[in-house]
Amino acid sequence: MTVPATSITHVATLADLEALVGQPLGVSSWMAIEQDRIQTFADATDDHQWIHLDVERAKKESPFGGPIAHGYLTLSLIIPMWSEVLKVDSVTMAVNYGLNKVRFTNPVPAGGKVRLDATLKSLEKLPKGGVQITIDGMIELEGSERPAVVVEAVYRMFE
């Protein structure tokens with residue numbers, strides 16, 4: 001897949017987003033997922049499965065050839081990567097509203113790098129102000145044609 005270098009959509013107001021429905025928003029910078037981050041995530045979530053943490057065993061026994069990041073760790077990185085994709089000057093508050101669909105399509109090896117490529121799928125005005133946007137996102141894995149995660153994320157933004 002050919003994707004541009006880091007890019008961001010920067011608009012003044014939520015009203016400016018309406019014209020962008022169906023358009024790519026941007027691509028974040030690459031973010032490394034090192035073994036120490038995987039360990040920290042395992043400790044925070046009590047998910048200590050050996051395919052994530054036991055480097056020697058994962059090299060010998062795992063079908064992935066070494067330790068891999070938790071899928072939910074990779075997904076959680078959408079938060080810092082999202083801030084590099086869209087900037088709306090007038091927004092005073094934004095919240096994650098949920099996920100409509102998530103697929104973990106490719107394991108991320110320890111030391112692998114990921115980035116977010118996002119498209120504005122839809123925009124709805126909310127009854128009490130603000131908008132709800134739905135994003136088609138791919139968390140790409142450096143050096144791979146197949147993304148690590150495919151996600152449809154929903155955010156609410158207010159001015």
Side-chain angles (χ1 to χ4, degrees), residues 1-11 16-17 19-88 91 94-123 132-157:
M1 102 186 42
T2 303
V3 178
T6 304
S7 61
I8 184 170
T9 295
H10 190 161
V11 295
D16 297 330
L17 288 176
L20 299 176
V21 172
Q23 300 298 312
L25 292 176
V27 180
S28 73
S29 59
W30 291 106
M31 178 177 279
I33 304 180
E34 301 295 345
Q35 188 64 46
D36 59 340
R37 183 185 290 251
I38 295 169
Q39 180 68 54
T40 300
F41 188 84
D43 292 341
T45 61
D46 288 331
D47 181 352
H48 293 96
Q49 188 175 172
W50 66 268
I51 63 170
H52 305 301
L53 304 177
D54 189 331
V55 175
E56 292 309 313
R57 183 177 177 190
K59 285 179 182 178
K60 292 177 191 169
E61 298 178 33
S62 166
F64 309 115
I68 60 170
H70 304 74
Y72 283 109
L73 166 55
T74 305
L75 176 62
S76 74
L77 295 175
I78 196 172
I79 296 165
M81 292 186 291
W82 173 244
S83 68
E84 294 184 8
V85 171
L86 177 66
K87 170 82 171 120
V88 182
V91 168
V95 295
N96 298 318
Y97 193 65
L99 304 168
N100 291 338
K101 183 177 180 180
V102 176
R103 294 292 181 266
F104 301 106
T105 55
N106 200 1
V108 177
K113 292 182 180 179
V114 295
R115 70 178 179 182
L116 176 64
D117 183 355
T119 297
L120 181 56
K121 180 177 184 173
S122 66
L123 179 145
Q132 177 172 297
I133 60 173
T134 302
I135 304 301
D136 278 334
M138 284 192 306
I139 298 178
E140 299 174 330
L141 175 60
E142 186 177 50
S144 176
E145 289 292 317
R146 217 172 63 206
V149 179
V150 177
V151 59
E152 186 177 276
V154 183
Y155 299 95
R156 287 191 167 183
M157 301 174 142

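Everything quoted here is computed from the prediction, not taken from an experiment.
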State, to 0.1 Å, how close A148 and V108 come at their nearest heavy-atom pair, and which atoms those are. CB-CG2, 3.5 Å
Any residue meeting side-chain contact (heavy atoms from CB on, under 4.5 Å) with R156, in chain and number order, not counting sequence neighbours: V95, Y97, L126, Q132, F158
What's the spacing between L75 CG and F104 CZ if we round to 0.5 Å? 5.0 Å
Would you confirm whether R146, through its side chain, and T105, through its main-chain N or O, come within 3.5 Å as a donor-acceptor pair? yes
Tightest non-hydrogen contact, residues H52 and I38, listed as O-CG2, 3.5 Å
For residues R57 and I51, determine if any side-chain heavy atom of one lies less than 4.5 Å from a side-chain heavy atom of the other. no
With side-chain contact (heavy atoms from CB on, under 4.5 Å) as the criterion, how do V11 and L20 come out once you've worked through the C-alpha distance, each side chain's angles and the decisive distance to 0.1 Å? CA-CA 10 Å; V11 295; L20 299 176; 4.0 Å; yes
At their closest point, which heavy atom of M138 faces which heavy atom of P147, and how far apart are they? SD-CG, 4.1 Å
Expected output: side-chain Q35 to main-chain A69 donor-acceptor under 3.5 Å: no
Please give me the minimum heavy-atom distance between A58 and P67, naming the atom from each residue. CB-N, 3.4 Å
Please check if the side chain of T9 supplies one atom and the backbone of L25 the other of a donor-acceptor pair under 3.5 Å. yes
Got a salt bridge between K121 and E152, using NZ or NE/NH1/NH2 to carboxylate O under 4.0 Å? yes
Sub-4.5 Å side-chain heavy-atom contact between P109 and I33: no
Run the side-chain contact (heavy atoms from CB on, under 4.5 Å) check on K87 and I8 step by step: do they pass? CA-CA 7 Å; K87 170 82 171 120; I8 184 170; 4.0 Å; yes
Taking side chain as C-beta onward, heavy atoms only, is V102 less than 4.5 Å from V150? no
Under the ring pair (Phe, Tyr, Trp, His ring centres under 6.0 Å) test, residues paired with F64 that sit two or more places apart: none
Heavy-atom check, side chain of T45 versus side chain of Y72, under 4.5 Å: no
Once rounded to the nearest 0.5 Å, what's the spacing between atom CG of N106 and atom CD of E145? 10.5 Å
A side-chain contact here means heavy atoms from C-beta on lying under 4.5 Å apart; do K60 and V55 qualify? no
Measure the spacing between CD1 of I135 and CG of L86 and express it to the nearest 0.5 Å. 7.0 Å
Any chance you could measure E61, atom CD, to D54, atom CG, to the nearest 0.5 Å? 8.0 Å
Answer yes or no: is there a side-chain heavy-atom contact under 4.5 Å between Q39 and L53? yes
Return the minimal non-hydrogen interatomic distance between M31 and P80, and the atom names on each side. CE-CG, 3.8 Å
Under the criterion side-chain contact (heavy atoms from CB on, under 4.5 Å), I'd like the reasoning laid out for N96 against I79: C-alpha separation, chi angles, the key distance, then a yes or no. CA-CA 9 Å; N96 298 318; I79 296 165; 4.3 Å; yes
With P24 as reference, evaluate T119, D136, L120 under the side chain to side chain contact (heavy atoms under 4.5 Å, CB included) test and give the passing residue. T119
I'd like to know whether D16 forms a side-chain contact (heavy atoms from CB on, under 4.5 Å) with H10, so could you lay out the CA-CA distance, the side-chain angles of the two residues, the decisive distance to 0.1 Å, and finally the verdict. CA-CA 10 Å; D16 297 330; H10 190 161; over 6 Å; no
How far does OG of S62 sit from CD1 of I68, to the nearest 0.5 angstrom? 6.0 Å
Mind checking whether I78 and V151 have side chains closer than 4.5 Å, heavy atoms only? yes
Sorted by first residue and then second, give each ring pair (Phe, Tyr, Trp, His ring centres under 6.0 Å) pair with at least one member in residues 27-50; sequence neighbours left out. F41-H70
Less than 4.5 Å apart, side chain to side chain, heavy atoms only: is that true for L99 and V154? no
Determine yes or no for a side-chain-to-main-chain donor-acceptor pair under 3.5 angstrom, with S28 supplying the side chain and E84 the backbone. no
I139 and T74 have their tightest heavy-atom pair at CD1-O, 3.5 Å
Would the distance check show the side chain of S7 and the main-chain N or O of V27 forming a donor-acceptor pair, the cut-off being under 3.5 Å? yes
